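Okay, so here's the structure we're looking at.
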Amino acid sequence: MTVNTVPTQPIEGQKPGTSGLRKKTAVFMQPGYLENYVQSIFDGIGGVDGQTLVVGGDGRYFNDTAIGIILRMAAANGAAACIVGQGGILSTPAASNLIRVRKADGGLILSASHNPGGPDADFGLKYNGPNGGPATEAVTEKIFARTLEIDAYRILAAGAVDLDALGVSDLNGMKIEIVDPVTDYAALMEKLFDFGAISKLFQNGFRMRFDAMHAVTGPYARDILENRLGAASGTVINGIPSPDFGKGHPDPNPVWATELMTEMYGTNPPDFGAASDGDGDRNMIVGPKSYVSPSDSLAVLADLAHLAPGYADGLAGIARSMPTSGAADRVAEAKGIGIFETPTGWKFFGNLLDAGKATLCGEESAGTGSDHVREKDGLWAVLLWLNILAVTGKTVTEILTDHWQRYGRNYYSRHDYEAVDSAIANDLVEALRAKLPGLAGTTAAGLTVSKADEFAYDDPVDGSHSANQGIRIFFEGGGRAVFRLSGTGTEGATLRVYLEQLETSPDAVHQDPQLALAQIIKAANGIAEISARTKRMSPDVIT
Ligand code: VG1
Ligand code: CO
């Protein structure tokens with residue numbers, strides 16, 4: 001078969017500090033665009049000659065065509081083997097696991113995560129390294145630099161590759177191995193959790209609903225929850241991955257997971273509800289009439305993880321992204337273990353996990369995970385919750401209440417202003433940045449600013465420095481507001497405002513978070529001039 005070298009123009013690929021390259025599907029489908037980015041990845045990592053790569057995606061529109069192109073390019077670039085999920089399907093955590101168990105050199109994951117899919121929606125591609133985790137900043141920078149100078153890509157002139165038949169085939173000297181996407185992942189879960197105890201829970205009539213949101217976790221959840229653990233059939237809803245996610249928005253939060261939320265807040269709700277996102281790395285946990293904020297979920301899981309066999313020896317430490325609430329810090333303090341505060345994005349946890357400094361990690365954006373893989377893991381979080389519920393015999397509400405009584409409650413909410421004009425959003429951040437030096441000691445909405453700065457991170461393992469990772473304003477009395485612009489949106493800019501207030505009085509831990517945070521919300525809006533600059537009177541999404 002002929003290897004073609006096709007001339008191409010530079011594109012602007014994934015910017016450092018963002019999570020994979022995400023663009024409108026139509027952009028990715030332009031002739032040569034995907035090819036261009038794939039070649040930039042191959043070049044940026046120093047070539048794939050002789051390498052083994054894991055390839056799979058979340059099943060969104062263009063997934064299979066894109067995988068065909070990637071396989072023909074990997075072969076043309078001299079890769080030795082590609083391990084591919086059957087039908088082109090692999091959840092992000094399952095891909096991370098495959099890279100690790102098969103000792104592959106890395107992987108290409110096709111997903112725009114929680115962004116909608118379809119011809120008019122979003123597509124994405126990310127490279128994960130040999131530890132199974134997202135490319136580090138250093139690698140991302142190399143790939144990005146390459147996208148600005150690339151002038152040709154290499155591709156094999158070949159027909160379509162069959163992604164459905166399990167087994168090994170040959171593509172011009174490169175081995176293609178099609179594997180079941182669930183098997184290895186499910187085996188890992190069986191090692192970490194007490195499947196016997198969870199099965200017994202279901203046998204005793206415990207009812208659960210898992211909303212796969214028409215995305216990649218459907219087959220995983222069906223196999224693990226219904227087949228292996230014996231949850232009633234129908235426990236998993238929206239369980240067949242569809243190219244446009246049933247025209248939905250596969251983001252597991254109270255705004256987008258409406259079907260699940262309606263059931264959990266309706267009459268006679270199930271005992272436990274959960275949802276996952278497009279590529280299966282996020283999770284939402286909800287008890288009967290009781291939504292668990294991701295920051296609280298991380299703290300609860302960190303507190304009680306030792307109840308699951310995989311964590312029986314306790315945790316080495318906990319890591320959380322900076323905008324995530326401080327609830328986990330209080331657990332770490334009580335246990336006398338390390339706590340790490342990193343910039344937003346799972347890639348920053350990789351070194352801490354590899355070095356054995358952190359066992360559990362989490363982000364406020366519904367991401368929780370551990371050292372079992374190098375990505376956040378939606379179903380893993382669900383199974384750890386189930387394991388804890390099975391062992392303690394408590395309800396979700398009881399677990400939360402106990403937690404707040406013991407540790408206090410970090411009231412928390414994130415307000416997103418979406419598709420804001422990029423110039424306006426950048427000006428807002430610039431103006432806020434300029435204000436920072438003079439903010440301490442001033443008051444807003446009756447609150448006094450105690451400290452204001454811009455978060456920067458020095459990686460304790462490799463010493464790398466990451467600046468401009470979010471603007472933080474601390475208030476007297478334990479309040480905090482954080483501002484940053486999203487790196488995953490595909491339309492204009494998304495301003496994220498993260499709001500937090502610590503409450504330690506056991507009598508005051510049961511308020512509505514929006515009410516408990518009212519003053520901080522007002523102060524944050526005032527200081528950043530959000531309404532005045534964006535002309536938005538309220539956020540688009542509140543989580
Ligand atoms: C968002 C979240 C961040 C998460 C990232 C990728 O980024 O805030 O916590 O790591 O998405 O998640 P941003 O830059 O839009 O705030 V996923 O599920 O897309 O892999
Ligand atoms: Co995701």
Side-chain angles (χ1 to χ4, degrees), residues 14-23 57-60 90-96 109-117 122-128 133-135 137 140 212-213 215-217 220 245 249-253 256 275-284 293-295 298 319-325 341-350 361-369 373-381 412 414-420 425 429 455 466 468-471 482-498 540-541 543:
Q14 179 196 354
K15 293 214 177 76
T18 61
S19 159
L21 180 66
R22 292 181 200 189
K23 296 278 178 197
D58 63 10
R60 69 180 62 217
L90 277 180
S91 77
T92 288
S96 180
I109 303 174
L110 300 91
S111 173
S113 192
H114 53 286
N115 296 19
D122 295 348
F123 192 78
L125 175 63
K126 56 185 171 182
Y127 170 74
N128 280 28
E137 283 293 83
T140 310
M213 304 188 84
V216 80
T217 42
Y220 295 86
F245 306 123
H249 195 137
D251 193 350
N253 65 38
W256 294 113
S276 192
D277 72 330
D279 62 331
D281 58 359
R282 297 188 177 202
N283 72 91
M284 177 173 83
S293 87
S295 292
L298 172 66
R320 65 163 173 88
S321 69
M322 179 275 286
T324 302
S325 94
E341 191 179 30
T342 60
T344 293
W346 208 261
K347 60 165 81 88
F348 292 101
F349 295 135
C361 304
E363 293 192 278
E364 51 65 40
S365 53
T368 342
V373 289
R374 292 295 179 273
E375 288 277 7
K376 53 190 184 266
D377 189 344
L379 260 175
W380 169 91
Y412 191 83
R414 188 177 93 189
H415 290 190
D416 292 337
Y417 298 81
E418 294 181 337
V420 176
V429 169
F455 181 62
S466 306
N468 303 341
Q469 297 296 325
I471 291 175
V482 173
F483 305 82
R484 58 179 285 281
L485 296 181
S486 156
T488 59
T490 54
E491 240 177 281
T494 296
L495 171 67
R496 302 205 196 283
V497 186
Y498 309 81
D540 299 287
V541 179
T543 51

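If you're wondering where the values come from, they're calculated on a predicted model, not measured in any experiment. Both ligands and their constituent atoms are indexed starting at 1 by order of listing. The first residue in the sequence is number 1, and the count goes up from there. Note that these values count all heavy atoms, side chains included, but never hydrogens, waters or copies made by symmetry.
Within the 4.0 Å heavy-atom criterion, the part of Asp277 lying near ligand 1 is the side chain and not the backbone.
In plain terms, the two heavy atoms of Asn115 and Phe245 that are nearest each other are O-CE1, 4.0 Å. The minimum heavy-atom distance linking Asn283 with Gly367 is given by the pair ND2-C, 4.4 Å.
Interface of Gly487 with ligand 1, defined as ligand atoms under 4.0 Å from a residue heavy atom, comprises 13 (P), 14 (O), 15 (O). Residue Arg22 approaches ligand 1 through these ligand atoms, each under 4.0 Å from one of its heavy atoms: 17 (V), 19 (O), 20 (O). Listed by atom number, the atoms of ligand 1 under 4.0 Å from Ser365 heavy atoms are 2 (C), 3 (C), 4 (C), 8 (O), 9 (O). The Ser113 neighbourhood of ligand 1 comprises atoms 17 (V), 18 (O), 19 (O), 20 (O), with distances under 4.0 Å to a heavy atom of that residue.
Looking at Ser91 and Glu375, their side chains never come closer than 4.5 Å, going by heavy atoms from C-beta outward. Residues Ser365 and Arg282 meet the side-chain proximity criterion, which asks for heavy atoms closer than 4.5 Å. Under the 4.5 Å side-chain criterion, counting only non-hydrogen atoms from C-beta, Leu379 is not in contact with Ser276. In this structure the side chain of Leu110 never reaches within 4.5 angstrom of the side chain of Asp58, judged on heavy atoms.
For Tyr417, the ring pair (Phe, Tyr, Trp, His ring centres under 6.0 Å) test picks out no residue, with sequence neighbours left out. Applying the ring pair (Phe, Tyr, Trp, His ring centres under 6.0 Å) rule to His249 yields the partners Trp256; only residues at least two apart in sequence or on another chain are considered. With sequence neighbours left out, the side-chain hydrogen bond (donor to acceptor under 3.5 Å, both in side chains) criterion links Tyr220 to no other residue.
Residue-ligand proximity: Glu375 is placed with every non-hydrogen atom at 4.0 Å or more from ligand 1. Between Arg414 and ligand 1 there is a heavy-atom distance shorter than 4.0 Å. A heavy-atom separation below 4.0 Å is found between Gly345 and ligand 1.
Among His415, Arg414, Arg496, Met284, the single residue meeting the side chain to side chain contact (heavy atoms under 4.5 Å, CB included) criterion with Thr543 is Arg414.
A donor atom on one side chain and an acceptor atom on the other are not found under 3.5 Å apart for Thr494 and Asp416.
Note on the Co ion (ligand 2): protein N/O/S atoms under 2.8 Å are Ser113 OG, Asp277 OD2, Asp279 OD1, Asp281 OD1.
Considering Lys376, Arg496, Lys126, Glu363 only, the shortest heavy-atom separation from atom 12 (O) of ligand 1 involves Lys376. Between Lys347, Arg282, Glu364, it is Arg282 that holds the heavy atom closest to atom 5 (C) of ligand 1.
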